[in-house]
Amino acid sequence: QKEVEQDPGPLSVPEGAIVSLNCTYSNSAFQYFMWYRQYSRKGPELLMYTYSSGNKEDGRFTAQVDKSSKYISLFIRDSQPSDSATYLCAMSELGNEKLTFGTGTRLTIIP
Amino acid sequence: ETGVTQSPTHLIKTRGQQVTLRCSSQSGHNTVSWYQQALGQGPQFIFQYYREEENGRGNFPPRFSGLQFPNYSSELNVNALELDDSALYLCASSQGIFTYGYTFGSGTRLTVV
């Protein structure tokens with residue numbers, strides 16, 4: 001079993017819809033949770049970063065962490081075609097330099 | 001402020017050969033991490049360099065090695081290339097070891113034939 005599980009998709013939604021992306025994990029030592037966006041032929045770009053449980057909002061993006069369920073989510077409101085990319089969740093233990101990534105979900109926003 | 005630059009962008013090597021990939025970190029960043037991203041997979045941690053010393057290593061064999069230079073640029077060397085080494089190799093820089101504000105480069109696409 002992988003430490004981090006993420007549905008690879010692909011996921012296609014119409015422009016303006018709310019998108020929900022999710023990851024589950026098995027390592028209870030994970031304390032830092034991140035979402036990266038990766039466009040084709042580019043490196044990952046940090047979108048959201050959360051420490052421990054709770055919600056964090058930044059513009060159209062909301063990240064949620066539920067440590068009791070070992071489940072994290074990223075919501076994108078008012079989705080735009082420019083949001084079409086692969087979204088990667090990533091996690092890390094306290095004091096550990098290594099990021100553990102999910103496989104990524106490929107998202108397409110249809111105009 | 002420049003970002004992370006990697007070179008070359010693409011290369012093709014033959015099984016058994018050796019390859020060196022290069023990374024220039026973002027200005028002000030003293031830590032470099034390398035990741036391997038196979039097609040359709042998430043990046044996997046190879047190792048991290050901080051102030052020219054290896055600071056941590058993932059589950060990769062010793063034929064994967066690296067260097068960090070005084071200007072904080074870095075190299076990833078892979079010896080005895082195998083077909084499974086074909087992947088996108090990503091370099092990420094940060095200010096400090098345990099910060100999570102990594103800036104990734106666009107990667108080097110390595111194909112081993």
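Proteins get letters first, then strands, A, B, ... in listed order; numbering begins at 1 in each. This structure is a prediction, so every number in the text was calculated from the model and none was measured.
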For [X], does the [atom1] atom have more than 12 heavy-atom neighbours from other residues, nucleotides or ligands under 6.0 Å away?
| X | atom1 | answer |
| --- | --- | --- |
| Arg51(B) | CZ | no |
| Arg60(A) | CZ | yes |
| Leu11(B) | CG | yes |
| Leu39(B) | CG | no |
| Asn59(B) | CG | no |
| Gln68(B) | CD | yes |

Tell me, for Gln6(B) versus chain A, whether the close heavy atoms (under 4.5 Å) come from the side chain, the backbone, both or neither.
neither
Just so I understand: if I count every heavy-atom pair under 4.5 Å between each of Ala92(B), Pro43(B), Ala38(B) and chain A, which residue has the most?
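Max contact count across the listed options: Pro43(B).
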Enter the distance from [X]:[atom1] to [Y]:[atom2] here, rounded to the nearest 0.5 Å.
| X | Y | atom1 | atom2 | answer |
| --- | --- | --- | --- | --- |
| Arg41(A) | Leu88(B) | CZ | CG | 11.5 Å |
| Phe104(B) | Leu88(A) | CZ | CG | 8.5 Å |
| Ile46(B) | Lys98(A) | CD1 | NZ | 12.5 Å |

Which atoms of [X] approach chain B - backbone, side chain, both or neither, heavy atom under 4.5 Å:
| X | result |
| --- | --- |
| Gln38(A) | side chain |
| Arg106(A) | neither |
| Pro44(A) | both |

Please give me the minimum heavy-atom distance between Tyr102(B) and Leu99(A), naming the atom from each residue.
CD1-CD1, 3.5 Å
Could you tell me which non-hydrogen atom of Glu97(A) sits nearest to which non-hydrogen atom of Gly56(B), and how far apart they are?
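Here Glu97(A) and Gly56(B) meet closest at OE2-CA, 3.3 Å.
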Ring-ring centroid check Phe101(A) Tyr35(B), cutoff 6.0 Å
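Close enough - the centres of the two rings lie under 6.0 Å apart.
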Kindly work out whether a path of hydrophobic side-chain contacts (I/L/V/M/F/W/Y, heavy atoms less than 4.5 Å apart) joins Leu47(A) to Leu21(A).
yes
Would you say Leu90(B) ends up clustered with Leu81(B) if hydrophobic residues are merged whenever their side chains have heavy atoms under 4.5 Å apart, either directly or through other cluster members?
no
